[in-house]
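Here the structure is laid out as structure tokens; the discussion comes afterwards.
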Amino acid sequence: MTNPATTTQQGRAIPAQPGPREVTGVTDGVRAGGKPGPGQPATAGVAGAVPGGAAGIAGLGSSVEFVPGYAPDAVIPGAGPSGRPGSRPTVKLREANPDDPPRYAPEWLELREPADAAARAHDLLDPLRIRLANLPGKSGVAIHDLGCGTGSMGRWLAPRLDGAQHWILHDRDPYLLHFAAVSSPRSAADGSRVTVETRRGDVARLTPDALQGASLVTASALLDVLTREEIDTLAAACAGAGCPALLTLSVAGRVELTPSHPLDAEIAQAFNDHQRRDGLLGPDAVTAAAEAFSEQGATVRLHPSAWRLGPEQAALTEQWLRGWVGAAVEERPELRAEADVYLTNRLAACAAGELRVTVHHVDLLALSRPVGGAS
């Protein structure tokens with residue numbers, strides 16, 4: 001259940017709040033280090049220790065427990081393979097309904113946020129700004145962020161766009177929605193006000209009606225966990241609403257490790273096959289999305305957005321390695337013996353500052369034909 005003081009299912013705007021590292025003391029009636037009050041989720045924005053010895057992250061407190069078997073040297077949930085095909089590793093709130101959807105661990109999303117921000121394609125922003133500036137009769141823009149997680153896209157994009165902005169954050173996870181809402185930016189590039197609301201729901205069921213009045217649709221690391229049918233639905237919804245889409249950080253299926261190792265290619269292929277389980281598109285998602293938006297009459301631009309990980313990103317590299325190799329072994333169990341040695345050696349090189357990794361992604365900007373003939 002979301003906190004009615006800060007979020008709403010259907011449209012009440014709230015002012016954006018300080019980011020998670022700025023909030024101390026009391027946030028939304030929950031004291032730092034305390035448990036939620038009646039009817040409240042564990043609050044975002046309150047500093048707390050992460051169980052299991054992981055690095056601290058704002059917003060995780062005593063009401064969060066990790067999935068069974070989690071240890072400091074394990075894969076952070078969300079970074080690695082699922083326990084069964086089609087599922088995702090999760091953290092679980094003790095107070096949560098057992099039927100709640102799986103959760104990406106907020107500490108994984110926080111760990112990857114700086115690399116995501118550095119990777120996103122700035123070259124796609126100018127054509128996007130031109131489109132938004134030419135919207136008729138608008139004093140501000142309405143931006144729908146699909147699968148928003150902890151809100152990293154808003155923290156990156158809102159300060160790079162001028163004018164008043166109203167962000168509508170979509171996710172199936174009420175805990176992540178709350179975190180995203182309270183950590184959203186307060187102002188745009190020119191100092192204009194930024195407001196935010198949340199909508200809990202499945203982005204795969206998005207319709208043009210849900211995007212009525214939208215100026216822009218955004219998503220980050222989403223396309224590769226969708227099916228072709230879901231991507232077609234997304235493209236049709238954006239076309240029906242006449243709004244552009246900025247869809248970033250979709251995996252491209254290519255990884256480069258320096259120094260190289262004979263097993264690199266085999267691990268990469270097994271990982272890519274794992275990403276395609278249960279009809280998910282994985283590394284084929286960007287091509288499918290470009291086709292789907294083009295078929296809807298949109299102009300599509302693609303731009304590389306690779307993670308470039310060196311000694312300064314060792315913590316992220318370690319978690320990525322564990323997840324990457326773990327997914328490959330889950331797909332091809334016969335690799336386990338070789339992969340265990342491979343992972344041990346790669347982790348040692350990472351800890352010594354001797355490993356560099358490039359994980360290729362692609363950003364997509366689709367400029368759908370505006371409704372009403374606007375340019």
Side-chain angles (χ1 to χ4, degrees), residues 67 69-90 102 104-105 107-109 111-112 115-116 118-119 221-226 249-288 304-362:
V67 288
Y70 179 80
D73 61 349
V75 179
I76 291 178
S82 58
R84 63 183 186 279
S87 71
R88 294 277 169 182
T90 69
Y104 285 98
E107 72 272 30
W108 164 246
L109 299 178
L111 185 62
R112 63 173 289 168
D116 287 349
L222 176 69
L223 290 179
D224 40 79
V225 295
L226 299 181
L249 296 167
S250 298
V251 295
R254 293 184 296 115
V255 174
E256 298 163 11
L257 296 95
T258 304
S260 62
H261 186 283
L263 203 59
D264 290 347
E266 197 166 3
I267 295 288
Q269 184 58 57
F271 175 83
N272 289 342
D273 290 343
H274 185 278
Q275 294 292 94
R276 297 184 176 105
R277 286 184 171 193
D278 300 318
L280 303 183
L281 287 172
D284 307 318
V286 171
T287 299
S305 54
W307 278 356
R308 301 189 185 279
L309 309 180
E312 298 79 11
Q313 296 81 28
L316 176 60
T317 303
E318 177 190 344
Q319 281 298 317
W320 174 83
L321 272 169
R322 292 182 185 280
W324 188 61
V325 175
V329 171
E330 187 175 276
E331 182 67 21
R332 291 184 52 192
E334 69 274 15
L335 287 176
R336 179 171 299 278
E338 286 182 285
D340 284 348
V341 176
Y342 172 91
L343 179 59
T344 297
N345 292 337
R346 285 305 200 187
L347 290 174
C350 177
E354 298 168 353
L355 181 66
R356 283 166 174 76
V357 180
T358 300
V359 183
H360 290 276
H361 305 99
V362 180

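Sequential numbering from 1 along the given sequence is applied to the chain's residues.
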Q. If you take all heavy atoms of Leu335 and Ala328, which pair is closest and at what distance?
A. CD1-O, 4.4 Å
Q: To the nearest 0.5 Å, tell me how far Leu280 CG sits from Gln275 CD.
A: 8.0 Å
Please tabulate, for side-chain N and O atoms in residues 308-317, each donor-acceptor pair with protein atoms closer than 3.5 Å (sequence neighbours left out).
{"from": "Gln313", "atom 1": "OE1", "to": "Gly310", "atom 2": "N", "distance (Å)": "2.7"}
{"from": "Thr317", "atom 1": "OG1", "to": "Gln313", "atom 2": "O", "distance (Å)": "3.0"}

Q | Closest heavy-atom pair and its distance - Ala119, Ser305 | A | O-CB, 3.1 Å
Q: If a pair satisfies salt bridge (Lys or Arg N to Asp or Glu O under 4.0 Å) and one of its residues is in residues 346-356, list it, with sequence neighbours excluded.
A: Asp264-Arg346
Q: Test His361 against Asp116 for side-chain contact (heavy atoms from CB on, under 4.5 Å), laying out the working first.
A: CA-CA 10 Å; His361 305 99; Asp116 287 349; 5.6 Å; no
Q | For Asp273, all residues meeting salt bridge (Lys or Arg N to Asp or Glu O under 4.0 Å), sequence neighbours excluded | A | Arg276
Identify each donor-acceptor pair in which a side-chain atom of residues 249-263 lies under 3.5 Å from a protein atom, sequence neighbours left out, and give them as a table.
{"from": "Glu256", "atom 1": "OE2", "to": "His360", "atom 2": "NE2", "distance (Å)": "3.0"}
{"from": "His261", "atom 1": "ND1", "to": "Leu263", "atom 2": "N", "distance (Å)": "2.9"}

**Q.** Heavy-atom pair with the smallest gap, counting every atom of Ala327 and Phe271
**A.** CB-CD1, 3.6 Å
Q. Considering residues at least two apart in sequence or located in another chain, which fulfil the side-chain hydrogen bond (donor to acceptor under 3.5 Å, both in side chains) criterion with Arg332?
A. Glu266, Glu334
Q: For Ala221 and Arg112, work out which heavy atoms get closest and say how close.
A: CB-NH2, 3.8 Å
Q: Go through the steps for Gln319 and Glu107 under the test side-chain contact (heavy atoms from CB on, under 4.5 Å), then give the verdict.
A: CA-CA 11 Å; Gln319 281 298 317; Glu107 72 272 30; over 6 Å; no
Q: Report the residues that fulfil side-chain hydrogen bond (donor to acceptor under 3.5 Å, both in side chains) with Asn345, sequence neighbours left out, ordered by chain and then residue number.
A: none
(Q) Within this structure, what is the CG-CG distance for the pair Leu321 and Leu347, rounded to the nearest 0.5 Å? (A) 5.5 Å
